[in-house]
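Structure record follows, encoded as structure tokens.
Each residue takes its place number in the sequence, starting with 1. Everything numeric here is computed off the predicted structure, so don't read it as measured data. Indexing begins at 1, ligand by ligand and atom by atom, following the structure's order.
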Amino acid sequence: MTAIAKIPTTVITGFLGAGKTTLVRHLLAHAKGKRIALIINEFGDIGVDKDVLAGCGDETCREEDMIELANGCICCTVADDFIPTMKALLARPDRPDHIVIETSGLALPQPLIRAFNWPEIKTEVTIDGVVTVADAAALAEGRFAANEAAVDAQRKLDEMLDHETPLGELFEDQMVAADMIVLNKTDLVDADALEAVEAELKRHMRKGTSIIRAANGHVDAMALLGLGMGSEDDLEGRESHHELEHDGEPHEHDDFDSFSVTLPSGPARDQLLDTIAQAIATHDILRLKGFAAIPGANARLAIQAVGPRINAYFDRAWKDGEARETRLVVIGETPLARQAIEASLRSVAQAA
Ligand SMILES: Nc1nc2c(ncn2[C@@H]2O[C@H](COP(=O)(O)OP(=O)(O)OP(=O)(O)O)[C@@H](O)[C@H]2O)c(=O)[nH]1
């Protein structure tokens, strides 16, 4: 009997808004005939990423090849969601050449990597590589306090301060899990800042991890796929803070919160974006994304905010019968001032 080759799987991880979906989009568009199945996991209850990819209009973004895991972070739903999803995918008559898993920006990659050793799937799939996308602009601005200088400065201000913030810890967990780091958004930082960010990353990653610089996720598919790492068999040094500190206990995502809000079509584009910018600045929102209905526009406005930086573009025409409304997901550190944020977003919708 000939052994069936295991299907290589690339795990794409990285903090909220680092550019994972953008990287996946580029990968799908340049897959050179490889049939790629995509598993998308999101934090928050609106599946924006799948919708963004499906809205790209490329024939390579086939809806039937995209599977959404929207019931919380993949790291917490391995048994209930991830393994059954993989089994169903592997049972398909038209098996993919390659599988790509985009984790949520708040996921710990470690439980997912370990899941590849579960007997239900181990004989059929292997991790080709864990790719962690890092946001060069956010790092240069010290937004994760992953930057030791910022942490030290904070510590000096308050001796009692826990030196590991939830953001910094999660960032490190995603870094040590990587076989390759894509240092994305290099277009937003100058050469000196980029050198400093890269030096900082090297302090956190495992030895032997490579770094590729990129803008808008433009990485050659050949460089990204086919790493052949078998990462599930090479776990040493990838342990998360949680695994090191609380052996065997399930971890929580209590440090982060999210909610979604639906608004009627109302304000003009600029007015809506101004209000969103203000809400982000006032309430320290980490990530906001979704789609908006703008009066007089026949296309929906995709809105993407990462920290203070907001992008908005009309991604596709509204479909017949589709509700023309604004749906946004908001993610931030706990406690998130849900009522106040919702009220300010609603006030602009009502005022229009
Ligand atoms: N300037 C610039 N913007 C980028 C780059 N890559 C991504 N973006 C923008 O950053 C925002 C977030 O990108 P996504 O690809 O959705 O990030 P993500 O990591 O998938 O986000 P989550 O799934 O929410 O964690 C979008 O507005 C992108 O257009 C880049 O290299 N340069």
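- Side-chain atoms of His98 and Thr9 form no donor-acceptor pair, as typed in the model, at a separation below 3.5 Å.
- Close contacts of ligand 1 with Asp49, meaning ligand atoms under 4.0 Å from a residue heavy atom, involve 23 (O).
- A donor-acceptor contact closer than 3.5 angstrom links the side chains of Glu102 and Thr21.
- Between Gly19 and ligand 1, at least one N/O pair is under 3.5 Å apart.
- Considering backbone and side-chain atoms together, Gly17 places an N or O closer than 3.5 Å to an N or O of ligand 1.
- In this structure, atom 6 (N) of ligand 1 lies nearest to the protein heavy atom Asn184 ND2, 2.9 Å.
- The pair Glu325-Arg300 fails the salt-bridge criterion, with no side-chain N (NZ, NE, NH1 or NH2) lying under 4.0 Å from an Asp/Glu carboxylate O.
- For Glu120, the CD atom sits in a packed shell: over 12 heavy atoms of surrounding residues, nucleotides or ligands are nearer than 6.0 Å.
- Annotation: Lys87, atom NZ; neighbour count of heavy atoms from other residues, nucleotides and ligands within 6.0 Å does not exceed 12.
- Residue, atom and distance of the protein heavy atom nearest to atom 16 (O) of ligand 1 are Arg287 NH2, 3.1 Å.
- With respect to atom 7 (C) of ligand 1, the closest heavy atom belonging to the protein is Thr22 OG1, 3.4 Å.
- In terms of polar-atom proximity, defined here as any N/O pair under 3.5 Å, Thr186 makes no such contact with ligand 1.
- Among all non-hydrogen protein atoms, the one lying nearest atom 4 (C) of ligand 1 is Asn216 OD1, 3.6 Å.
- Listed by number with element, the atoms of ligand 1 under 4.0 Å from a non-hydrogen atom of Val306 are 11 (C), 12 (C).
- Looking only at heavy atoms of the protein, atom 2 (C) of ligand 1 is closest to Asp187 OD2, 3.5 Å.
- Atoms of ligand 1 lying under 4.0 Å from at least one heavy atom of Lys289, given by number and element, are 22 (P), 23 (O), 24 (O).
- A salt bridge links Arg206 to Asp179: at least one charged side-chain nitrogen sits closer than 4.0 Å to a carboxylate oxygen.
- At the top of the distance list for atom 9 (C) of ligand 1, counting protein heavy atoms only, stands Asn311 ND2, 3.7 Å.
- Considering backbone and side-chain N/O atoms, Ala18 comes within less than 3.5 Å of an N/O atom of ligand 1.
- The local environment of CD in Gln339 is sparse, with at most 12 non-hydrogen atoms from other residues, nucleotides or ligands closer than 6.0 Å.
- Under the 3.5 Å distance criterion, the side-chain polar atoms of Thr326 are matched with a main-chain donor or acceptor of Ala293.
- Salt bridge absent: Asp257 and Arg338 never bring a charged side-chain N and a carboxylate O closer than 4.0 Å.
- Contact check on Asp173 versus Arg238 returns no salt bridge, with no Lys/Arg side-chain nitrogen under 4.0 Å from an Asp/Glu carboxylate oxygen.
- Remark: the backbone N or O of Gly14 is paired with a side-chain donor or acceptor of Lys20 at under 3.5 angstrom.
- Residue-level proximity to ligand 1 for Glu42 is absent, since no heavy atom of it falls below 4.0 angstrom.
- Remark: minimum distance from atom 18 (P) of ligand 1 to any protein heavy atom is reached at Lys20 N, 3.4 Å.
- Of the candidates Val125, Asp65, Ile121, Ile39, Ile39 is the only one forming a side chain to side chain contact (heavy atoms under 4.5 Å, CB included) with Leu89.
- Residue contacts with ligand 1, taken as heavy atom pairs separated by less than 4.0 Å, do not involve Val48 at all.
- For Val52, no heavy-atom contact with ligand 1 is shorter than 4.0 Å.
- No donor-acceptor pair closer than 3.5 Å links the side chain of Asp315 to the backbone N or O of Ala302.
- Shown in contact with Gly105 at under 4.0 Å from a heavy atom are these atoms of ligand 1, numbered in order with element: 25 (O).
- Within the 4.0 Å heavy-atom cutoff, His218 does not count among the residues contacting ligand 1.
- For Ala215, the closest heavy-atom approach to ligand 1 falls below 4.0 Å.
- Looking at atom 8 (N) of ligand 1, its nearest protein heavy atom turns out to be Lys185 CE, 3.8 Å.
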